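Take a look at the structure below.
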Amino acid sequence: MAEVVQHVVDALSLGGIYAALTLGLGLLFSVMRLVNFAYGELIMAGAFAMYLLQDTPLLVLVAGTLAVTIGVALVTERVAFRPLRGVDPMTLLLASFAVSVMLQNGARMVFGPIAKGVAPYPFLEQDLIIGSVRISVLDLTGVVLTAALIGAVAVMLQKTVLGMQIRAAAEDAEMADLLGVKANRVIAAAFAIAGVLAAVATLILIFQQGAVSVTVGFLPVLIAFVAVVVGGLGSLPGAALGGLLIGATTGLLDAALPTDLAPFRDAFLFSIMMALLVIRPQGLVPQKEARV
Amino acid sequence: MIDRQAAVGVLRRYVWVPAALIGAVGLAWVITAIYGDLVVTRVVTLALLHTVWVVGLFAYSGNSGMMSFGHVSFAALGAYATAYLTIPAGLKPTVFPDMPGYLSWLLDIQASFPVALLVSGLVAALFALVLAPAIVRLAPLQGAIATLSLLIIVHTVLNNWTEVTRGQSTMIGVPADLGLGGAAIGAMGAIAIAWALTSSGAGLRLRASREDAIPARAVGVAIGRERTVAWVTSAFILGVGGGMYTHFVPTFNPDQFFLAATFTIVAMLIIGGMKSLTGALVGAATLSALSEVLRRVESGHIGELGLPAGSAELMLALFLLLMLGFRPRGLTGGREVPWPGLLAGRRGGGVLGAPRGVRRERRSET
Amino acid sequence: MLEVSDIHVHYGSVHALQGASVRVDAAEIVGLVGHNGVGKSTVLRAVTGLVSIAQGEIKYRGAGFDPSPARAIHEGIAYVPEDRRIFTNLSVAENLRIGATTLDSRAAARKAIEREYDRFPVLRDMAERTAGDLSGGQQQMLTIARALVAGPRLLLLDEPSLGLAPLMVAELFETLAALRHERVTVLLVEQNVAKTIALADRSYVMLPGGRVTLEGTRAELEAIPDFRRHYLQVSNGGALADG
């Protein structure tokens, strides 16, 4: 019983991480039809920030990671993606692929190709003991933090003027333009929010795995890619849902796979996701084709 | 009496492009054989191998408009298939000491290199056929993401099934007997197959549907069938290409069929021009030359400065980005080799570009 | 207020507008009619910068105008597109609030939205409803209200009567007529020729070939031989109804 609870918390923690990541990805798609390969490099940037700040107080590390991730997000928006606004989604995907490779190589030049360790923080290493159940503080923090963050994003979208503009632009960017909504501001805001989501996910993820490398963002962003399609490309609730589902599945696979099959977890995960795409190609929350 | 006009027409529509491209490969082969030193020969051979891969990618992505990020996994399958078939029988137990019992037949099979290549192509094609239902009915964006899944799945399995594939360890025992000539012949064959597909009924129908604004819902059955043909054919080409690769770079491992290789062939196709077979070749040639130059600069052979590792790939990625921004249809603009004697304005090969003019409704740019 | 001179627009290889010219003076209601596909909407899209002009010139309020959607709305040009394009995922109230984006203050926005609720009381009743749930006629009201919230100087309407029941069409034209009192300049593109030329101070008629060929008041146009036969019967299905 205790093990089950632990596995559930594990799964929820991963679910939360990927819900946040996928939501960020989905947000970028909503406002400019961009499926952003370089989102993985936001994770990488945050991870390296954590590596560099690992001996500082936790609050400093968190603030620094947030700042770096949001910074990289805004810079890529301004430099790489703003000139490409209005271009079709496939070209944007390919462009983001190029940006991703550029950023990865840039990081390789600075940090080298070898993975580096990130020392854990004692506070996060502890376990909460309730009866016979041990829950890692990190996992719990992850669940609470990501849930709160996603909730905050949802509130922002529904209750603020900016959120309303984002939702309008997501449905019909051209009409929003015609009504005076400032595309630059909406898209930059979306990138910043996506940066925050990526930063929080990165913090939990890196503390969990304890190491950073130039390719640290590749697999998570790929998982988020498939999750956003599974959830329904163009739907923000769908993105969060897809991320949660896929993240939880990852956790369940971790728990359920026998040791000799454990290295193949990603093969199983992506096979499941491909199967989901066959069953329901339009995603869990299908969106009618919205205008760019 | 043969109608001369009709004959010329047929020549122009069906024969000129592949003939010109195969001729170009032949020319490169001859020139390199005569004038090339060891290093240049190696570079050109590698470029020809990449040409096979990119032509294979074009066969699917160029015709259907659906970019695939997973095609190198077909090359991977072909590579391992060829390895199983061409590593000398005596060596195999040493190479695969832990091969499980139910797969021990892998240790017994043996074939000549050409046969092995054929088998590799068929293995990849079969794998593609099985996967086709998952991929071909998706819209372009979802399809591209699904092919990424394919890449991960194949890489994970190859990388971790150590008893069967040697996992991360490099392969040993594959004879390194692919030379310039073999690579050139392979490239020519790939061009022929890709062209046959492109100018077939299926290819024409695919290209016609490519320009339509396909909604982000699943597409109908008819398109699915045509795409499957292209998908399977291109997998065959890459399977053969992967097998060829192993006899040139015999010390390979799964990482050679992962992200870097994917970036290489995608960049080559896009920069050359995704919508034409000529584009595949132009892209392969251009990027091979460019990356060789950059690699020499990086290691300090040109000029005095050495650049940090990774700059070559970074520059190539920048090149790709600039292409996408300024000339998304690539160096060839999606056009085939022009029929000589025709003035500008005529597009050869029947490969159409997307209509332009409406500033904000930019449809499929690449 | 608006002067479109001899503009050419291309859609790929199609030469959609081949020298179209239209003039709209302040406080006028001007109609632009013609059959389907003749290029009327393209004129509006050119003025708002949704399509690029290959040749020709646009002048707005006396000065040369380089069209773009952002510039258009900030200069007081509001566009009501064909197929309405309301934000179906937003509420009615939110749609109107987006319309108020260019206003300076929240107070001004509230006043403007109230004004539109007065004009279209139905919208006030449905303020919190999701816009996608509205009927066709209600959506048409919403899209016009949304455009008017910004207090535009020039209102461009693209076939607002399309798909509306006759009763709603009559209401629509009444609403447009009332805009005269508010001194909103209107350029109305329509297929409903009879009602349009009846409402408008002046109308232009566009023929295939993307050029404006006829111009005049209702009386002037109807005086042209065969005009009634070609335009009033064909587009109204036989009825020579008055506007």
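Every value quoted in this text rests on a predicted model; they were computed, and no experiment measured them.
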From [atom1] ([X]) to [atom2] ([Y]), nearest 0.5 Å:
| X | Y | atom1 | atom2 | answer |
| --- | --- | --- | --- | --- |
| Leu92(A) | Leu324(B) | CG | CG | 9.0 Å |
| Met323(B) | Leu94(A) | CE | CG | 13.5 Å |
| Leu148(B) | Leu222(A) | CG | CG | 5.0 Å |
| Leu138(B) | Gln282(A) | CG | CD | 10.0 Å |
| Ile145(B) | Leu93(A) | CD1 | CG | 6.5 Å |

Query raised in the report: Taking Pro263(A), Gly283(A), Gly112(A) one by one, which has the highest count of heavy-atom pairs under 4.5 Å against chain B?
Result: Pro263(A)
Query raised in the report: Under a 4.5 Å heavy-atom cutoff, which of Gln104(A), Met102(A), Arg265(A) has the most pairs with chain B?
Result: Met102(A)
Answer whether the closest heavy-atom distance between the side chains of [X] and [Y] falls below 4.5 Å.
| X | Y | value |
| --- | --- | --- |
| Arg108(A) | Glu313(B) | yes |
| Ile270(B) | Phe97(A) | no |
| Pro281(A) | Gln142(B) | no |

**Report entry** Side chain, backbone, both or neither of Leu219(A) within contact of chain B (heavy atoms, under 4.5 Å)
**Finding:** side chain
**Report entry** Per-residue contact mode, Phe37(A) against chain B (heavy atom under 4.5 angstrom)
**Finding:** side chain
Between [X] and chain A, with a heavy-atom cut-off of 4.5 Å, which part of the residue counts as in contact: side chain, backbone, both or neither?
| X | result |
| --- | --- |
| Val154(B) | neither |
| Leu131(B) | side chain |
| Phe258(B) | side chain |
| Leu318(B) | both |
| Phe319(B) | neither |

Query raised in the report: For chain B, which residues from residues 266-277 of chain A have at least one heavy atom closer than 4.5 Å to it?
Result: Asp266(A), Ala267(A), Phe270(A), Ser271(A), Met274(A), Leu277(A)
Report summary line: residues 223-260 of chain A vs chain B, non-hydrogen distance cutoff under 4.5 Å, contacting residues -> Phe225(A), Val226(A), Val229(A), Leu233(A)
Considering all heavy atoms of both residues, which atom of [X] and which atom of [Y] are nearest to each other, and what is their separation?
| X | Y | value |
| --- | --- | --- |
| Phe264(A) | Thr156(B) | CA-CG2, 4.0 Å |
| Gly106(A) | Leu314(B) | N-CD1, 3.7 Å |
| Leu141(B) | Pro89(A) | CD2-CB, 3.8 Å |

Report task. Count the heavy atoms belonging to other residues, nucleotides or ligands that lie under 6.0 Å from NZ of Lys182(A), then report whether that count exceeds 12. Result -> no
Requested in this report: Please indicate whether Arg280(A) has more than 12 foreign heavy atoms, meaning atoms of other residues, nucleotides or ligands, lying under 6.0 Å from its CZ.
Outcome: yes
**Report entry** Worked check of side chain to side chain contact (heavy atoms under 4.5 Å, CB included) between Met66(B) and Met90(A)
**Finding:** CA-CA 9 Å; Met66(B) 309 253 295; Met90(A) 193 41 111; 5.9 Å; no
